[in-house]
Amino acid sequence: MSRELAKTYNPGEVEDRIYDFWLKGGYFHAEPDSKKKPYTIVIPPPNITGQLHLGHAMDETLQDILIRWRRMQGYSALWVPGTDHASIATEAKIVEAMRAEGITKEQIGREAFLKRAWAWKDKFGGRIEQQLRKLGVSCDWERERFTLDEGCSKAVREVFVRLYEKGLIYRGERIINWCPHCKTTISDAEVEFEEKDGSFWHLRYPFKDGSGYLELATTRPETMLGDTAVAVHPDDERYKSIVGKTLILPLVGREIPVVADEYVEQDFGTGVVKITPAHDPNDFEVGRRHNLPVINVMNEDGSINENGGKYAGMSGLEARKQIVKELDEQGYLVSIEPIKHNVGTCYRCHSTIEPRVSKQWFVKMEPLAKPAIKAVREKDVCFIPERMEKVYFNWMENIKDWCISRQLWWGHRIPAWYCDDCGETVVARTAPDTCPKCGGHHLHQDEDTLDTWFSSALWPFSVLGWPDKTKDLEYYYPTNTLVTGYDIIFFWVARMIFSGIEHTGQVPFHTVFFHGLIRDSQGRKMSKSLGNGIDPLKVIEKYGADALRFTLITGISPGNDTRYSDERVEASRNFANKIWNASRFILMNIDGKEVPNELPRTLSMEDKWILNSFNNLAQEINDNLEKFEFGVAAQKLHDFIWDQFCDWYIEIAKIRLNGTDEAAAQQVRQVLVWVMTRTLALLHPFMPYITEEIWQSLPHTGEALVMAPYPAYDEKLHFAEDTAKMESIMDAVRGVRNRRSEMNVQPSRKTVLHIATAKEDIFRAGEEIFKRLAYAANIEVAPSFSLDGAVTIVTPDAKIYIQMNELVDMEAEKKRLTKELETAQRGYQNAQAKLQNEKFMSKAPEKVVAGVRENSKKLKEHMELIQSSLDALK
RNA sequence: GGACGCGUAGCUCAGCUGGUUAGAGCGCUCGCCUCACACGCGAGAGGUCGUGGGUUCGAGUCCCGCCGUGUCCACCA
């Protein structure tokens, strides 16, 4: 076969073709196999409304590396893909699209709305999956899931009913976070605090008995409409006498008591707090302790309701203005103080959250959190990096009940029915026909849906078939590794852990790998508002998926953020091109020849050296992947391929390839093919496309690299002696190149090298290497030479003379040698100081002492050789 | 208020349980279109590892203080 290969790698031509090849081969599909060990990852399901961004790209790349690696190692590696219905985000988008058409969801009703939503899902749900494929991810697409599909929905209902029956789900009136824009509750985790400029209104409330006023301050004056008390600290001497007295609420006229409660901070403000149980979580608690009435003064859209008297109908802001104005007019406003304070906002739309009392469904968290804390503490679930545990513990140990009902339509409808006849609440897996209490037939289902995260919390087992006892569940669960960003540790990771333990009796995964976030080249978070987002698909189009993948993992370390820049992708693209050209070189040299993919019987020094290096590499890559050190693994692969294989081995291989000895040429061809194909295997999880493409064109066994065995350390490839020899020669070559470069000798000018060494055999064997890589006309090797006026190079094992008298600047040469001597002397003295240090000798480990001793000896010899060169110049 | 991360070459970052002379990519300088690759080859310059102490035979690495920077949690009306 003869193929003209382009000088540069063209990913666009390769990627789709290779991906199709993988799909046709069914390589990504996994089934339970008793002969194999399972390895499972479930994808963090992206939102159906979402577009692929760099965060996904990194997340998926890391998972794909793990899955491909384990698959090649012989595991039954399953990667379950899927998407999340993302109730609040999706519903917002659909409502927005409807607004463009001039319709609201209320107008069309629930059923029609859901019809639209599913149509939306069908239209856009596939988009992100197609985008994922472009990255080269090896998900088992036959098992694709959706959080709102039948199986997941069944799991959701099952969980809800079980928790309800255990008393861990309840419905009650509590203070919840209300988003007036999304018109739904959100959980505490979904509230983001933002520092904003605000005002502190100092007010005074009059005593009923006319004995004056009590001064207090508030940041939300409009909530006074719902005030049902004023509180002071029980130990506060200033106010002890007034506890129990009655105040008249200005503007409203309601009589409210002064209560004593420890919640009040004496040193803050005036030490007096107005209590609005319906609109502040702390006030709610105070209200409970003192049996205060709860007066809700707010509508769903944040406007004032009928409890607000004449302010009813005004928006929150309007009411605030009007109330402040009237308070001022009537002498109740003391002062206005500007302050900065944290305001809770909705994580989706960033509207200010209005806390208000409402009847909602909650999950009782404490009993669920306890075993989940234990599982992480006892390392049944390991966090990488470990420090993320602290964040988790801090949250779990202070956990509050989880508000799970949402006033949305797109989501899992709460499986609760209310009897219109007797008011009974029925929670069931399927819709009940009759009320179990009164036998009535008039039941209506709760209008609300569940928090999106309620279904994603079940993802690791719902996608495997739970609550049914499936083969998949038995074989693939618990899953092995969860890969995600540290930003969703509360939303998702924590909730999966307690859900897994509660419902399956097992942790959902044994390891959580937290990667960092990707920032822009200036270190800023990528966001729509900044417009600094990068479209991974455009990057792939320009540089290739492999280049993007490699960029996203080079230099990363667990849990730390990284910066994206085009320059870094270019570097990865260049690396891909380097590999491409190395393979082009090999293909060129085996073209038309029968080259088996096996090691030849005899191996040269350099063959053994490269095999030894490759072997160490295999060991290191496996070790680093076990430790999730992706950045280190990528670096090692890069260095081996570029520095060792291309820059040295291929260059040296040319000697035999272009020589007259056909047996030797065949030998080196085999080594090239052997090392290249296995290096491609090592690299495959990182850069799947180019490696598969090249591997297919080289002699190989097996039908696809994606299923080829992953190289591991092999004792038979350990060649210490030849590696040391090769290093000696490489040192000498580098030394000669260095000297020639310093002296500006043209590469075309070949010179004779006189090599004085005790290891004559080694250097004689390297003759051709010197000729090719060190511009030698030929070499002379002997224990010593007596040459005048030559430039000398001193390496650990040799002293090399280059005879170029006319080019030698004696003074410069002297200076250089003196400097080199000084460096060596410093090192030697350093080593000697250690060897003479009794404490070092007695306390340092044997290995370290031996190392220093060896080093000291070498430096001594080195110094002597330099000295002799210096002497020769005089 | 609490917790955590980061501060290493001009830039972006590695550096695992402390152990010889601290690394890479990009950028820069010099020389090369050497028959795989100029998305390349060879060579080079460039670092008091934020700072002050401490532990140790030995600290970029461990401990404490400080400075700068970033993030998370809590939230005082």
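Numbers restart at 1 for each chain; the letters A, B, ... are given by sequence-line order, proteins then strands. Given the structure is predicted, the values throughout are model-derived calculations rather than measurements. Side-chain atoms are counted along with the backbone in the values below, which use heavy atoms only and exclude waters and symmetry mates.
- C26(B) and G46(B) are spaced 14 Å apart, taking the C1' atom of each and rounding to whole Å.
- Contact detail for F491(A) and A189(A): the closest heavy-atom pair is CZ-O, 3.2 Å.
- Nucleotides A45(B) and A36(B) are separated by 30 Å at their C1' atoms, to the nearest Å.
- Distances shorter than 4.0 Å separate none of the side-chain N or O atoms of R568(A) from OP1 or OP2 on C13(B).
- Protein atom CD of E567(A) is 13 Å distant from nucleotide atom P of C13(B), rounded to whole Å.
- Between S521(A) and K839(A), the residue anchored nearer the 5' end of RNA chain B, judged by the nucleotide with its closest heavy atom, is S521(A).
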Before giving the answer on salt bridge (charged side-chain N to carboxylate O under 4.0 Å, His left out), spell out for E768(A) and K771(A) the whole-Å C-alpha distance, their side-chain angles and the decisive distance to 0.1 Å. CA-CA 5 Å; E768(A) 293 304 321; K771(A) 282 187 184 166; 3.5 Å; yes
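- Tested against M224(A) for a side chain to side chain contact (heavy atoms under 4.5 Å, CB included), the candidates L216(A), L249(A), T276(A) yield a single pass: L249(A).
- A side-chain donor from one of T345(A) and E194(A) sits under 3.5 Å from a side-chain acceptor of the other.
- Taking atom P on both nucleotides, C75(B) is separated from G18(B) by 40 Å, rounded to a whole Å.
- Taking the six-membered ring for Trp, F630(A) and F513(A) have ring centres closer than 6.0 Å.
- Pairs engaging residues 270-283 of chain A under the salt bridge (charged side-chain N to carboxylate O under 4.0 Å, His left out) rule: D227(A)-K274(A) [sequence neighbours left out].
- The P atoms of G47(B) and C16(B) are separated by 23 Å, rounded to the nearest whole Å.
- Residues passing the salt bridge (charged side-chain N to carboxylate O under 4.0 Å, His left out) test with E626(A) are R70(A), sequence neighbours excluded.
- You'll find the side chain of K627(A) reaches within 4.5 Å of the side chain of N624(A), heavy atoms only.
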What string of B, S and - do you get for nucleotides 69-77 of chain B, 5' to 3', when a contact is any protein heavy atom under 4.0 Å? ----SBBBB
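- For the residue pair Y649(A) / D647(A), no side-chain donor-acceptor distance below 3.5 Å is found, with atom types taken as modelled.
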What verdict does the salt bridge (charged side-chain N to carboxylate O under 4.0 Å, His left out) test give for R220(A) and E354(A), after you've listed the backbone C-alpha separation in whole Å, the side-chain angles of each residue and the deciding distance to 0.1 Å? CA-CA 11 Å; R220(A) 294 190 302 154; E354(A) 298 290 351; 3.4 Å; yes
For nucleotides 32-46 of chain B, give me one character per nucleotide, 5' to 3': B if any protein heavy atom sits under 4.0 Å from the base, S if the only such contacts are to the sugar-phosphate, - if neither. ----BBSBSSBSS--
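- Every stem involving RNA chain B, taken as at least 3 paired positions in a row under the Watson-Crick or G-U wobble test at 3.5 Å, is listed here: B:1-7 with B:67-73, B:10-13 with B:23-26, B:28-32 with B:40-44, B:50-54 with B:62-66.
- C66(B) and C30(B) have their C1' atoms separated by 44 Å, with the value rounded to a whole Å.
- Computed from coordinates, the R563(A) CZ to A24(B) P distance equals 22 Å when rounded to whole Å.
- At a threshold of 4.5 Å between non-hydrogen side-chain atoms, the residues I652(A) and R772(A) do not count as touching.
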Taking only nitrogen or oxygen atoms into account, show me every contact under 3.5 Å that the protein makes with nucleotides 15-23 of chain B, one pair per line with its distance.
{"from": "C16(B)", "atom 1": "O2", "to": "K627(A)", "atom 2": "NZ", "distance (Å)": "3.0"}
{"from": "U20(B)", "atom 1": "O2'", "to": "N855(A)", "atom 2": "ND2", "distance (Å)": "3.2"}
{"from": "U20(B)", "atom 1": "O2", "to": "N855(A)", "atom 2": "OD1", "distance (Å)": "3.3"}
{"from": "U20(B)", "atom 1": "O2", "to": "N855(A)", "atom 2": "ND2", "distance (Å)": "2.7"}

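- Side-chain contact annotation: T551(A) with S572(A), donor-acceptor N/O pair under 3.5 Å present.
- Side-chain N/O atoms of E192(A) and Y347(A) include no donor and acceptor closer than 3.5 Å.
- Of the options V675(A), I621(A), N616(A), a side chain to side chain contact (heavy atoms under 4.5 Å, CB included) to F640(A) is made by V675(A) and by none of the others.
- When the P atom is used for both G5(B) and A14(B), the distance is 14 Å, rounded to whole Å.
- Distance, N398(A) CG to A3(B) P: 13 Å, rounded to whole Å.
- A gap of 9 Å separates the P atoms of C62(B) and C6(B), to the nearest Å.
- Between C63(B) and U21(B), the two C1' atoms lie 28 Å apart (nearest whole Å).
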